[in-house]
Structure formats: C-alpha cells, structure tokens
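Heads up, the thing below is written out as structure tokens.
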Protein chains: 2
Amino acid sequence: MTTTPQTPEPAPGGQAPRRARRADARRNEQALLDAAAAVFVTHGVDAPVRLVAAEAGVGMGTIYRHFPTRPELVVAVYRHQVEALAEAGPALLAEEADPGQALRRWAAGFVEFLVTKHGLAGVLGADEGAGALHRYFVERLAPVCDALLDAAVGPLESGRVPGVMLMRGIGNLSIGGRDGTGYDAARMADLLVSGVLARGSARDAEPGAEPG
Amino acid sequence: MTTTPQTPEPAPGGQAPRRARRADARRNEQALLDAAAAVFVTHGVDAPVRLVAAEAGVGMGTIYRHFPTRPELVVAVYRHQVEALAEAGPALLAEEADPGQALRRWAAGFVEFLVTKHGLAGVLGADEGAGALHRYFVERLAPVCDALLDAAVGPLESGRVPGVMLMRGIGNLSIGGRDGTGYDAARMADLLVSGVLARGSARDAEPGAEPG
DNA sequence: AATCGTACGGAGCGCTGTTCCGCTTAGACA
DNA sequence: TGTCTAAGCGGAACAGCGCTCCGTACGATT
C-alpha cells in the first residue's frame with residue numbers, strides 16, 4: 001500500500017530544465033507521498049501535517065517545500081485515482097447502452113472514491129481558498145462529467161446542470177458518508193442523478209418559495 | 001436585528017426549580033445571543049468564539065458556562081428559525097394540493113435558511129461529535145420532513161428515503177451555497193427532491209458499480 | 001450588614017497550519 | 001580527489017483556534 005505512482009519524474013514545467021533535482025529531494029518527496037497515503041488511511045485526510053512529516057521522517061520545512069499547502073499534498077496523493085476516474089467516463093459511455101446509466105455508474109464511482117478517503121469530500125467542497133485541490137479536481141474531471149451529461153440529458157445550452165455543479169453536489173453529498181450514522185451517500189447521490197436525468201433540460205422549474 | 005427571541009425564561013429542565021437564576025446571568029445570556037447573532041451575520045457562523053465574547057462584553061468563562069460548546073451557541077441563536085421551519089411543514093401540506101410540491105417548497109425553505117447563515121450547513125453536516133446542534137435539528141425537523149415524505153411518496157415501510165437522511169443530504173448540498181462560484185444549492189436540492197419524488201418508493205434501484 | 005455560593009474574567013493549555021532561517025550536504029567542476 | 005556553492009533540510013517559533021481553570025466579584029438571602 002506504500003507505493004504511490006505519481007508522474008515518473010520529468011515534466012519540468014516551463015521550458016528549460018534548469019538543473020536536475022537533487023537525489024535526496026526526490027527521495028523525500030516520494031517518502032512524503034507514501035507516508036501521507038499511509039497516514040490518510042489510518043487517520044483520515046484531516047490528519048495533522050506534523051504526523052505525515054514524522055511518518056516520513058522529515059522536518060516541517062521539507063514537507064512544506066514539496067507541498068506548499070496541505071490540500072496540495074492531498075491532491076498529489078490521490079492524483080492517480082482521479083486519473084482513473086477521468087478515464088472511466090468515456091469507457092462507461094462506450095460500454096453502456098443507456099448514457100443515463102453510464103452517468104449513474106460514474107457518479108457511483110465518484111462517491112465511492114470520496115467516501116473511502118475519509119474527509120476528502122469536505123476538502124473538495126471547501127471554498128475557493130483551498131485552491132489547488134479544488135482546481136485540479138474540477139479541471140480534470142469536469143469535462144468528463146460534462147461529456148456524460150451531454151450524452152444523457154443534452155447539451156449545456158438546453159439548460160441542464162453544468163458538470164462542475166453536479167460534481168460539487170455529489171462531493172457535498174459524500175461528506176460524512178461513512179460515519180456511524182445511517183446516512184448513505186451513494187444512495188443520495190444516485191437520487192440526485194435521478195433528478196438530473198428526470199428534469200435535466202429546462203422545463204417546468206418552479207423550485208418553490210421559502211415557507212417561514 | 002439584535003433581538004433574539006429565545007424561550008422567554010422558565011423551562012428549568014428537570015423538575016424542581018432549585019432557585020431563580022441571578023439577574024446578571026440572564027442579562028449576559030441575552031447579550032451573548034444578541035452579540036452572536038450580530039457577529040454571525042458579519043463574520044459567518046464560523047466566527048471565533050472570542051469575537052462573540054468581545055462583542056457581548058463578557059469573558060471567555062461566561063460564554064462557555066452559558067453555551068458549553070460552540071455548536072450549542074449556534075443552535076440557541078437560530079432556534080426560533082428552526083421552529084418556523086418546523087411549523088411550515090404542516091402548513092404547506094395543508095395549503096398545497098400536491099404534496100410533492102409541498103415537499104419541494106419546504107426543502108427550498110430549508111436551503112434558504114442554511115445558505116443565508118453562512119457556514120451553518122457545514123456545522124449541521126459535521127459528524128456526530130458536534131452533538132447538540134445536529135441532535136436538535138434532527139429531533140425537531142425530522143418528523144416534519146417525514147410527514148411531508150409520507151404524503152408525497154408513501155410510508156417509510158415502502159422503502160422511501162428517511163426524513164433524516166433527506167435533511168442531511170439537503171444540508172450537505174447547502175454547503176458553500178453562496179460563495180462566489182456559480183454553485184446553486186437551491187437548484188441542487190430541488191433536483192435531489194425530484195429524484196426522491198421520481199423513484200421514491202423502492203423499485204428498480206441498481207445504483208451502479210464503481211468504474212475504477 | 002453579614003454571609004454565601006452563583007457567576008464572572010481572562011490567562012493559559014493543547015492543538016492546528018504555516019513561516020523562517022541557520023545548518024547540512026549533494027553534486028558540478030578543477 | 002578536494003573544493004565550493006546553492007539546493008535542500010530540520011524544527012523552533014508564530015498566529016489563531018476551541019476550550020478549561022481558578023481566583024475574584026457581586027446578587028440574593030438572612
């Protein structure tokens with residue numbers, strides 16, 4: 001469970017690879033990712049940064065140079081799982097006759113991912129300030145979700161809900177999906193998708209007014 | 001905006017009202033409630049406790065004797081609004097021909113309440129540990145929600161979603177409902193209700209399997 | 001007026017994420 | 001192989017959080 005793939009090495013960003021990174025730097029980054037993955041499993045995604053540093057056997061300075069902010073560490077740890085989710089979208093669309101069913105299954109996978117990583121959903125739903133994580137999830141997954149929605153309920157122009165918004169909704173629904181209470185995030189997400197499927201394109205909206 | 005109704009005075013809990021509370025105690029509790037209401041408006045529900053204490057002109061000890069934990073203060077501040085929501089349930093059921101529409105409107109009111117009190121939704125969705133708030137919301141509102149669901153999609157026995165769960169779902173959907181992003185909590189909640197209405201009783205479930 | 005215990009104030013504790021800076025050492029070059 | 005430099009490291013320190021503790025003040029009762 002300790003191996004965390006991560007992009008192999010290069011991709012130096014801009015254009016001129018100034019100089020190769022030092023060996024210990026690369027070693028520490030990997031140690032950090034492994035440690036974080038392990039700690040997140042036992043203590044949840046909200047585990048203190050210090051704990052991850054200790055587990056990896058490095059100092060605070062080191063962890064913050066490699067991952068300038070907590071969410072960025074989280075993103076790095078789960079990057080390959082997000083990738084799998086992104087690739088699952090087109091795949092489901094191809095293998096499933098009913099695109100609505102494809103969307104259903106993709107949503108279920110998204111929930112499963114968020115819910116098993118205890119606390120991840122909360123991080124996703126956090127306000128824009130969190131930055132990196134939110135942005136990465138959205139940029140990588142939103143187009144996939146939009147494609148599924150296009151196939152299932154029609155183009156964005158017809159008034160259907162945007163993919164980002166559905167993702168955010170599912171993310172929110174997944175918060176606390178596996179605490180003792182009987183709350184079933186997967187079921188709620190599926191009901192939300194049902195709603196989207198049922199009145200996907202803009203028709204009779206009339207959301208109602210507040211009572212009190 | 002400074003008046004916070006709250007139960008007038010008595011309701012001493014158990015059975016024997018040992019002794020009347022001291023005048024300054026009652027005065028401070030009210031000051032605290034007013035201060036909290038004001039601070040929550042300007043700084044959101046996540047405002048530091050110290051800020052509320054300062055605004056009320058009392059010390060930390062005082063605030064924590066009256067409201068042993070942060071969520072309990074929040075509950076007290078919004079208690080009358082919760083009450084209004086509870087009373088709105090039966091009222092909507094009576095005035096609306098279609099019970100589904102009644103449920104829709106009640107849900108809209110719930111979202112409106114959670115979203116305008118910035119950060120309240122997050123507190124509601126917090127894990128069981130939060131205690132008081134979660135419990136109060138559930139105990140007071142869940143029966144109302146269940147009644148609406150009974151009328152709209154049938155009895156619990158037929159396999160429909162429990163009221164508590166729908167409330168929790170709506171609560172989660174309301175998180176971050178009014179930050180800059182285009183996320184529309186009210187719309188998502190309405191879609192969720194649509195899903196509940198559409199496949200309310202247990203029929204073809206098959207939520208789908210995870211892709212990755 | 002004297003008493004007594006309820007209620008008060010706020011310093012302080014333990015926890016968090018994050019920053020800062022002096023020291024270490026990998027690795028290029030001679 | 002020795003030297004030198006800057007990339008990289010460790011961890012003390014900071015600010016901000018919820019919450020506790022305890023000596024002190026004062027409202028109510030006699």
Side-chain angles (χ1 to χ4, degrees), chain A residues 9 12-13 16-33 35-36 39-40 43-77 119 122-123 126-127 129-133, chain B residues 9 12-13 16-33 35-36 39-40 43-77 119 122-123 126-127 129-133:
Chain A
E9 173 46 23
R18 282 286 175 181
R19 195 174 292 227
R21 299 170 58 212
R22 260 169 56 171
D24 55 349
R26 254 186 309 144
R27 204 179 333 121
N28 275 331
E29 177 163 331
Q30 192 55 50
L32 243 8
L33 284 170
V39 168
F40 287 170
H43 292 72
V45 177
D46 295 329
V49 179
R50 280 173 233 269
L51 212 59
V52 175
E55 172 80 15
V58 305
M60 294 297 299
T62 301
I63 200 170
Y64 270 95
R65 187 162 333 89
H66 287 290
F67 308 100
T69 182
R70 235 189 74 81
E72 277 174 85
L73 173 61
V74 179
V75 169
V77 168
V123 180
D127 51 9
L133 196 155
Chain B
E9 172 45 23
R18 283 286 174 180
R19 196 174 291 229
R21 299 169 59 212
R22 255 169 58 171
D24 54 350
R26 251 185 313 142
R27 201 178 337 120
N28 276 330
E29 176 163 332
Q30 192 55 50
L32 242 8
L33 284 170
V39 168
F40 288 171
H43 292 72
V45 177
D46 295 330
V49 178
R50 280 174 232 268
L51 211 59
V52 176
E55 172 79 17
V58 305
M60 293 297 299
T62 301
I63 199 171
Y64 271 96
R65 187 159 340 84
H66 288 290
F67 309 100
T69 182
R70 236 190 72 84
E72 277 175 86
L73 173 61
V74 179
V75 170
V77 168
V123 180
D127 51 8
L133 195 154

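In what follows, chains carry the letters A, B, and so on, assigned in the order in which the sequence lines appear, proteins first and then strands, with residues in each chain numbered from 1. Nothing here was measured: the structure is a model prediction, and the numbers come from that model. Both backbone and side-chain heavy atoms feed into the values below; hydrogens, waters and symmetry mates do not.
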[atom1] of [X] versus [atom2] of [N]: gap in Å, rounded?
X: B/Met60; N: D/dT20; atom1: CE; atom2: P; result: 10 Å
X: B/Arg21; N: D/dT29; atom1: CZ; atom2: P; result: 14 Å
X: B/His43; N: D/dG16; atom1: NE2; atom2: C1'; result: 14 Å
X: B/Ile63; N: C/dA7; atom1: CD1; atom2: C1'; result: 15 Å
X: B/Phe67; N: C/dA7; atom1: CZ; atom2: P; result: 13 Å

Salt bridge (charged side-chain N to carboxylate O under 4.0 Å, His left out) partners for A/Arg22, two or more places apart: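 Scan of A/Arg22 (salt bridge (charged side-chain N to carboxylate O under 4.0 Å, His left out), adjacent residues dropped) gives A/Asp24.
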Under-4.0 Å side-chain N/O to phosphate OP1/OP2 contact, [X] with [N]:
X: A/Asn28; N: D/dG8; value: no
X: A/His66; N: D/dG8; value: no
X: B/Thr62; N: C/dA7; value: no
X: B/Thr69; N: D/dG18; value: no

Any chance you could measure [X], atom [atom1], to [Y], atom [atom2], to the nearest 0.5 Å?
X: B/Ile63; Y: B/Met60; atom1: CD1; atom2: CE; result: 6.5 Å
X: A/Phe40; Y: A/Leu51; atom1: CZ; atom2: CG; result: 10.0 Å
X: B/Asn28; Y: B/Arg21; atom1: CG; atom2: CZ; result: 10.0 Å

Identified side chain to side chain contact (heavy atoms under 4.5 Å, CB included) partner of A/Phe67 from the options A/Val49, A/Leu33, A/Val74: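 Running side chain to side chain contact (heavy atoms under 4.5 Å, CB included) over A/Val49, A/Leu33, A/Val74 with A/Phe67 returns exactly one hit, A/Leu33.
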Shortest non-hydrogen contact between B/Ala31 and B/Ala56, atoms and distance: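 Result for this residue pair: O-CB, 3.8 Å.
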Nearest non-hydrogen partners of A/Leu32 and A/Val52, listed with the distance: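 That closest heavy-atom pairing would be O-CG1, 4.1 Å.
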Nearest to the side chain of [X], which nucleotide is it out of [options]?
X: B/Ala25; options: C/dA11, C/dG17, C/dA7; result: C/dA7
X: A/Pro48; options: C/dT16, C/dC8, D/dC17; result: C/dT16
X: A/Tyr64; options: D/dC19, D/dG11, C/dG17; result: C/dG17

Pairwise side-chain hydrogen bond (donor to acceptor under 3.5 Å, both in side chains) hits with a residue in residues 55-66 of chain A, at least two apart: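 Non-adjacent pairs meeting side-chain hydrogen bond (donor to acceptor under 3.5 Å, both in side chains): A/Glu29-A/His66.
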Strand-adjacent residues in residues 49-57 of chain B, judged by heavy atoms under 4.0 Å from DNA chain C: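 Listed by number, they are B/Arg50, B/Gly57.
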4.5 Å side-chain heavy-atom contact, A/Arg70 and A/Val75: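 In short, these two side chains do not touch, never coming nearer than 4.5 Å.
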Sequence-aligned protein contact record of nucleotides 22-27 of chain D, with B where the base is within under 4.0 Å of a protein heavy atom and S where only the sugar-phosphate is: ----BS
